[in-house]
Amino acid sequence: MKVQVAIIGAGPSGLILGQLLAKAGIDAIILEAHTGEYVLGRIRAGVLEQVCVDLLDEAGVGARMHAQGLPHHGIELLVEGKRHRIDLHGLTGGKQVMVYGQTELTRDLMDARKAAGLTTVYEAKEVAISGFDGDHPTVSYVKDGIRHDIHCDFIAGCDGFHGVCRASVPKDSIRLFERIYPFGWLGLLSDTPPVCDELIYAKHPRGFALCSMRSRTRSRYYLQVPLSDKVDDWSDQRFWDELRLRLDAEARQSLVTGPALEKSIAPLRSFVAEPMRFGRLFLAGDAAHIVPPTGAKGLNLAASDVRFLGHALIEYYGGSSHGIDRYSERALRRVWKAERFSWWMTNLLHVFPDTLPFEQRALEAELDYVLHSHAGRTTLAENYVGLPFEE
Ligand code: RFL
Ligand code: PHB
């Protein structure tokens, strides 16, 4: 089989790229290791930057998001029992974010792909890539016990942190940067109304907590927990009791609890692989970088990578290789800014087991500055809504 672009992974980055290429008439196939239901069952991101919303419109899949997503103009930081509103809209000249679950976005992309008759091979096993350092890359996979080979012009590695693409690059061609945090986030999804109209990021001596949502009737909450904790250690009741302890009196009062629809623990990590292009292989999204979820940047970065990559490939088939030659540099410039922001938000709002007294006071002063200085709040707001694209 021959296609122009072979995309590995049907997460948000692979699916958005597939949509952008299809709209431009470029022939692409997506290979996904799991079933569509499995991909949809992973509860992950919930906050989209304006540039991500714009990209989904460009890809032609924004209708349901605009109808059902919740535009947010601010977030609340809860520090020492007191709420501080960050007016995202006012501080950024009218920008906002959209609360719309990754699951819904993925479903919209899958539906659009199906409606257009585009090929996604689910449960593609033993995916292997080769020849990307030359002119004739090949992707092979096994489906229902039969091995298939795909000959293509380019491979897009959209296969997440544990994927095969980054792992196929020779060790001496890639540089990895990593920070592992000494805690995780325990997430709980419930069919209960959100505790507040806006997201609450809470710093508390017992650990960080986040009150988020998926809709007006569905909430998503997170608690900072030690890495040694297991989901089974946390009954629903224990989760709600601990969340209450980390909130303010008003939120404690209005919190509506209910049975968990999903509960999981995610470790926190910062990670970047450089470069993001190896000959005819491009990495995009979590395959190339991971951020701790505190800044809500992971999915947004995946979208911004494939915006650069999609436009670059369209340019290539239009006769110019300028975009693909600059892909890695352009993408990494934006990636590192989001990495910095996510690392900074994580340091500012979590309890670290080994913080020295001097660092502790310096962090408290920094948070005080962020909350009470116009410049500090503006910096947070500008990064949270998403930095503009530098072309
Ligand atoms: P994905 O979503 O991991 O998709 C990769 C896909 O590749 C498949 N795959 C393979 N397919 C074929 N062959 C192989 N060998 C393969 N190996 C893997 C996988 O099955 C999978 O379907 O990566 P992608 O597309 O780059 O998207 C990245 C985002 O999913 C991720 O960055 C976000 O979910 C991160 N994230 C958040 N991002 C935000 O922007 N805002 C948020 O509010 C936010 N909250 C979160 C998050 C991630 C979380 N977890 C659990 C990691 C909250 C959490 C709890
Ligand atoms: C979420 O709703 O899952 C969510 C929201 C904001 C974050 C992280 C996760 O910073």
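Each ligand, and each atom within it, is numbered from 1 in the order the structure gives.
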Sub-4.0 Å heavy-atom approach of Gln102 to ligand 2: no
Whether Met345 lies under 4.0 Å from ligand 2, heavy atom: no
Shortest protein contact, [atom] (heavy atom only):
atom	result
atom 40 (O) of ligand 1	Leu299 N, 2.6 Å
atom 27 (O) of ligand 1	Pro12 CD, 3.5 Å
atom 11 (N) of ligand 1	Ala33 N, 3.1 Å
atom 8 (C) of ligand 2	Pro293 O, 3.3 Å
atom 24 (P) of ligand 1	Ser13 OG, 3.3 Å
atom 19 (C) of ligand 1	Glu32 OE2, 3.5 Å
atom 3 (O) of ligand 2	Tyr222 OH, 2.6 Å
atom 46 (C) of ligand 1	Ala45 N, 4.1 Å
atom 31 (C) of ligand 1	Asp286 OD2, 3.3 Å
atom 52 (C) of ligand 1	Arg44 NE, 4.1 Å

Below 4.0 angstrom from a heavy atom of [X], which ligand 1 atoms are there? Numbered from 1 as shown, please.
X	answer
Gly285	26 (O)
Gly46	42 (C), 43 (O)
Arg42	19 (C), 20 (O), 21 (C), 22 (O)
Val127	13 (N)
Leu31	11 (N), 12 (C)
Ile8	12 (C), 13 (N)
His34	20 (O)
Val39	22 (O)

Do [X] and [Y] have side-chain N/O donor and acceptor atoms under 3.5 Å apart?
X	Y	answer
Arg218	Ser190	no
Ser140	Arg147	yes
His89	Gln96	no

Enumerated ligand 2 atoms positioned under 4.0 Å from heavy atoms of Arg44: 3 (O)
Interfacing atoms of ligand 2 (cut-off 4.0 Å, heavy-atom, Thr294): 10 (O)
Residues Asp233, Lys230; criterion side-chain contact (heavy atoms from CB on, under 4.5 Å); working and verdict: CA-CA 5 Å; Asp233 300 336; Lys230 303 274 169 286; 3.7 Å; yes
May I ask you to decide whether [X] forms a salt bridge with [Y], counting only side-chain N to carboxylate O separations under 4.0 Å?
X	Y	value
Lys2	Asp153	yes
Lys297	Glu49	yes
Arg238	Asp241	no
Arg166	Asp159	no
Arg220	Glu262	yes

Check this for me - ligand 1, [X], N or O atoms closer than 3.5 angstrom, yes or no?
X	answer
Gly160	no
Ala302	no
Asn300	yes

Before we go on, tell me: are the rings of [X] and [Y] under 6.0 Å apart, centre to centre?
X	Y	result
Phe271	Phe177	no
Phe183	Phe352	yes
Phe154	Phe282	yes

Cation-pi, [Y] ring and [X] (6.0 angstrom, 45 degrees):
X	Y	value
Arg333	Phe308	no
Arg307	Phe389	yes
Arg269	Tyr181	no

Atom pair CD (Gln19) and CD1 (Ile30), whose distance is rounded to the nearest 0.5 Å: 8.5 Å
Residue selection (non-hydrogen contact nearest atom 10 (O) of ligand 2) among Tyr384, Tyr100, Tyr201: Tyr201
Cys158 near ligand 1 by a heavy-atom separation under 4.0 Å: yes
Heteroatom proximity flag, Trp185 to ligand 2, N/O under 3.5 Å: no
Given that the side chain starts at C-beta and the backbone is N, CA, C, O, which of these parts of [X] lies under 4.0 Å from ligand 1, counting heavy atoms, or is it both or neither?
X	answer
Leu48	neither
Tyr222	side chain
Gln102	side chain

Whether over 12 other heavy atoms sit under 6.0 Å from Lys114 NZ: no
